[in-house]
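A quick write-up on the structure given underneath.
All values below were derived from every heavy atom in this structure, side-chain atoms included, with hydrogens, water molecules and symmetry-related copies excluded. Quick note: residue numbers are just sequence positions, from 1. Just so it is clear, the model here is predicted, and its values are computed rather than measured. Counting starts at 1 for both ligands and their atoms, in listed order.
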Amino acid sequence: MTKLAGSCQCGSITFSSELEPMFVNQCNCERCRKMFGVVQASAIFADHEVEFNGEPSIYTFEGGSGGKIHAHFCPICATKTHFYADALDGLVGIVLGTIDDNHKYPPNSEIFTNYKLNWLKDNGCITESFEEAAVYERLEKVIKSLEDRDIL
Ligand SMILES: [Zn+2]
Ligand SMILES: [Zn+2]
């Protein structure tokens, strides 16, 4: 059963998953800000847990931790729908704004708070904040959430 679905603005790229995200992360780094606008908030899944339809274009850039991030975007409407980060191999981040019902997925962790815009406040949803990339801590969350998955 589909638990989460979404699309780019024009609908050429769609995606769905039978699972809930492992966690929802907000990245405050300046590279993501330039790329995704204000903050990059994304729902994190194992890459095989999400089914994508459509033919996205790919743009690769250097993320806040220096590792490469491969942003996938619609060649028609230019919406960035998802990305893969070399630092988090095997995972995919679904850009929160492209998820239907995205109100259901407030970020519960954030990274690069040392670059956070000073007018951006956390409304209580974020339980873990890291000044830098916190790759190890995020992998720990992945491993922890894998134990709760029915399907692996
Ligand atoms: Zn589109
Ligand atoms: Zn970032």
Side-chain angles (χ1 to χ4, degrees), residues 2-17 21-47 49-145:
T2 299
K3 283 211 172 140
L4 174 148
S7 69
C8 64
Q9 202 279 334
C10 78
S12 301
I13 295 173
T14 59
F15 56 83
S16 65
S17 179
M22 291 174 164
F23 62 99
V24 180
N25 186 60
Q26 173 175 309
C27 184
N28 300 292
C29 89
E30 292 180 321
R31 289 169 181 166
C32 281
R33 187 178 307 150
K34 192 78 115 171
M35 193 65 192
F36 296 95
V38 189
V39 292
Q40 179 266 91
S42 55
I44 308 299
F45 289 89
D47 54 11
E49 294 176 344
V50 185
E51 193 187 307
F52 292 97
N53 289 293
E55 298 285 331
S57 298
I58 302 167
Y59 176 74
T60 297
F61 68 106
E62 207 172 89
S65 54
K68 296 229 180 327
I69 295 180
H70 311 279
H72 288 226
F73 63 98
C74 174
I76 298 163
C77 71
T79 304
K80 286 173 277 288
T81 48
H82 59 292
F83 63 88
Y84 301 88
D86 285 357
L88 297 169
D89 194 28
L91 302 178
V92 60
I94 310 290
V95 180
L96 205 60
T98 66
I99 298 172
D100 303 339
D101 243 353
N102 43 30
H103 295 274
K104 273 170 58 185
Y105 303 101
N108 44 32
S109 70
E110 67 174 345
I111 55 173
F112 287 111
T113 56
N114 46 355
Y115 297 102
K116 192 172 179 175
L117 290 166
N118 59 17
W119 52 265
L120 260 183
K121 298 278 183 275
D122 161 22
N123 64 7
C125 54
I126 292 172
T127 55
E128 284 182 296
S129 293
F130 302 99
E131 276 189 10
E132 296 285 345
V135 171
Y136 177 76
E137 287 83 352
R138 282 186 286 160
L139 286 173
E140 260 188 341
K141 285 169 88 77
V142 169
I143 291 162
K144 222 180 275 167
S145 60

Subject >> Donor-acceptor contact present, side-chain Thr127 to main-chain Asn108, <3.5 Å >> reply: yes
**OP:** For the Zn ion (ligand 1), report each protein N, O or S atom nearer than 2.8 Å, sorted by chain and then by residue number.
**Re:** Cys8 SG, Cys10 SG, Cys74 SG, Cys77 SG
Original post:
Using the ring of each side chain (for Trp, its six-membered ring), is His72 parallel, tilted or perpendicular to Tyr84, with breaks at 30° and 60°?
Top reply: perpendicular
**OP:** Would you confirm whether Lys141, through its side chain, and Phe23, through its main-chain N or O, come within 3.5 Å as a donor-acceptor pair?
**Re:** no
Original post:
Is there a donor-acceptor pair under 3.5 Å between the side chain of Ser17 and the backbone N or O of Glu49?
Top reply: yes
Original post:
Has the side chain of Asp122 got a donor or acceptor atom that lies under 3.5 Å from a matching backbone atom of Cys125?
Top reply: yes
**OP:** May I ask you to decide if Val92's main-chain N or O and Asp47's side chain share a donor-acceptor pair within less than 3.5 Å?
**Re:** no
Original post:
When you check the space around the Zn ion (ligand 2), which protein N, O or S atoms turn up under 2.8 Å?
Top reply: Cys27 SG, Cys29 SG, Cys32 SG
**OP:** Return yes if some donor-acceptor pair links the side-chain N/O of Asn28 with the main-chain N/O of Tyr115 below 3.5 Å, else return no.
**Re:** no
Original post:
Using the benzene-type ring in the case of Trp, are the ring centres of Phe52 and His82 under 6.0 Å apart?
Top reply: yes
Original post:
Are the side chain of Arg138 and the backbone N or O of Leu88 linked by a donor-acceptor pair below 3.5 Å?
Top reply: no
